[in-house]
Structure formats: C-alpha cells, structure tokens
Amino acid sequence: MDGNAAMDSIWRVVAAIPAGRVCTYGEVAKLAGLPRGARQVGRALGKAPASRQLPWYRVIAAGGRIALPKGSAGYRAQVSKLRAEGVVVSNGRVRLPDFQWSPDLDELIWGPP
DNA sequence: TAATTGACCGATC
DNA sequence: AGATCGGCCAATT
C-alpha cells in the first residue's frame with residue numbers, strides 16, 4: 001500500500017488528463033493540491049508502477065517542453081506516444097495554447113463526462 | 001542530522 | 001533563443 005496522499009492525488013490528476021491533451025508539472029501539482037510541488041509530481045511519476053497505467057507522457061515541463069533530456073529513451077517514448085494521440089510535438093516542444101488541458105475549461109467546452 | 005539531488009518553474013542575463 | 005540563478009519541496013545518501 002502506498003498510504004501516500006500526495007502521490008495518490010498526483011496520480012489521480014494525471015490519470016484525469018484526456019488523450020490528445022497535455023498538462024504541465026506545475027499545473028498537475030496545483031490541481032493535486034501542491035501549489036509548489038512540481039518536483040513532487042516528477043518524483044511521483046518516476047516512482048509510479050506500470051500497473052497504475054499512468055499516462056505520464058501527457059505530463060510535460062513548463063512552456064510545453066519535454067522534461068526528459070532530448071535523445072533519451074524516455075524522451076523518445078513520450079514524443080512517440082503523444083504523437084500517437086494527435087499531439088503535435090515539434091523540436092521537442094508542444095504548442096501549449098492548442099494542447100494544454102484545463103479541467104474547468106475542458107468541462108465547459110466539451111462537457112462533463 | 002546535514003547535505004545532496006531531482007521526469008520543475010519563473011525570472012533574468 | 002539559449003544559458004544561468006535562485007526558489008520549492010520531498011526523498012535519499
């Protein structure tokens with residue numbers, strides 16, 4: 001058992017990101033109740049077991065940049081998965097104005113599930 | 001217990 | 001546009 005509320009909240013938020021959309025670490029942290037816990041998000045993702053099926057690749061760094069070092073295995077995997085969902089990744093960055101996910105805005109535009 | 005580190009962020013140079 | 005600095009917070013050494 002994890003017993004870790006922070007990590008659980010983070011995983012819940014990340015799991016709530018719809019396909020074809022992305023969210024920054026800072027944003028995920030804020031939604032999870034950790035206004036300055038961007039680093040915690042990264043740590044939680046790194047520790048997240050695969051059994052969680054967590055869409056970690058939908059979480060990117062501020063400014064739409066890929067958090068992982070360019071050329072790294074994780075980097076390529078993230079870009080590949082994002083592109084597979086229709087997210088345009090150019091030069092290691094995502095166009096945030098077009099793909100950044102906001103829960104409230106999303107519900108307003110697309111309607112709640 | 002203190003110091004280091006890290007899938008970060010925002011401002012500044 | 002790219003590099004650097006300081007700040008934040010938690011886990012690890």
* **Residues that A/Q78 engages under side chain to side chain contact (heavy atoms under 4.5 Å, CB included), provided they are two or more places apart** => A/W56, A/Y57, A/I60, A/I66, A/L68, A/L82
* For A/A84, what residues pass the side chain to side chain contact (heavy atoms under 4.5 Å, CB included) criterion, not counting sequence neighbours? -> none
* Where along residues 60-72 of chain A does a heavy atom come under 4.0 Å from DNA chain B, residue by residue in number order? -> A/A61, A/A62, A/A67, A/L68
* So do the side chains of A/P18 and A/W101 get within less than 4.5 Å of each other, counting heavy atoms only? -> yes
* Asked: Is A/G74 touching bases, backbone alone, or none of the nucleic acid, heavy atoms closer than 4.0 Å?
  -> nothing
* Asked: Sequence neighbours excluded, which residues qualify as side chain to side chain contact (heavy atoms under 4.5 Å, CB included) partners of A/S80?
  -> none
Return a table of donor-acceptor pairs under 3.5 angstrom between the side chains of residues 87-94 of chain A and protein atoms on other chains or two or more places apart.
none

* Structure fact -> A correct 5'-to-3' footprint of nucleotides 6-13 of chain C, with B, S and - meaning base, sugar-phosphate only and no protein heavy atom under 4.0 Å, is -BBSBSS-
* To do: Give me the residues of residues 80-91 of chain A where at least one heavy atom lies under 4.0 Å from an atom of DNA chain B, by number, or none.
  => none
* Asked: What pairs meet the salt bridge (Lys or Arg N to Asp or Glu O under 4.0 Å) rule with one or both residues in residues 69-91 of chain A, with sequence neighbours excluded?
  -> A/R58-A/E85
* Structure fact -> The first and last nucleotides of DNA chain B lying within contact of chain A, meaning any atom under 4.0 Å from one of its heavy atoms, run from B/dG6 to B/dG10
Name each donor-acceptor pair under 3.5 Å that joins a side chain in residues 22-50 of chain A to protein atoms two or more places apart or in another chain, with its distance.
from, atom 1, to, atom 2, distance (Å)
A/T24, OG1, A/E27, N, 3.2

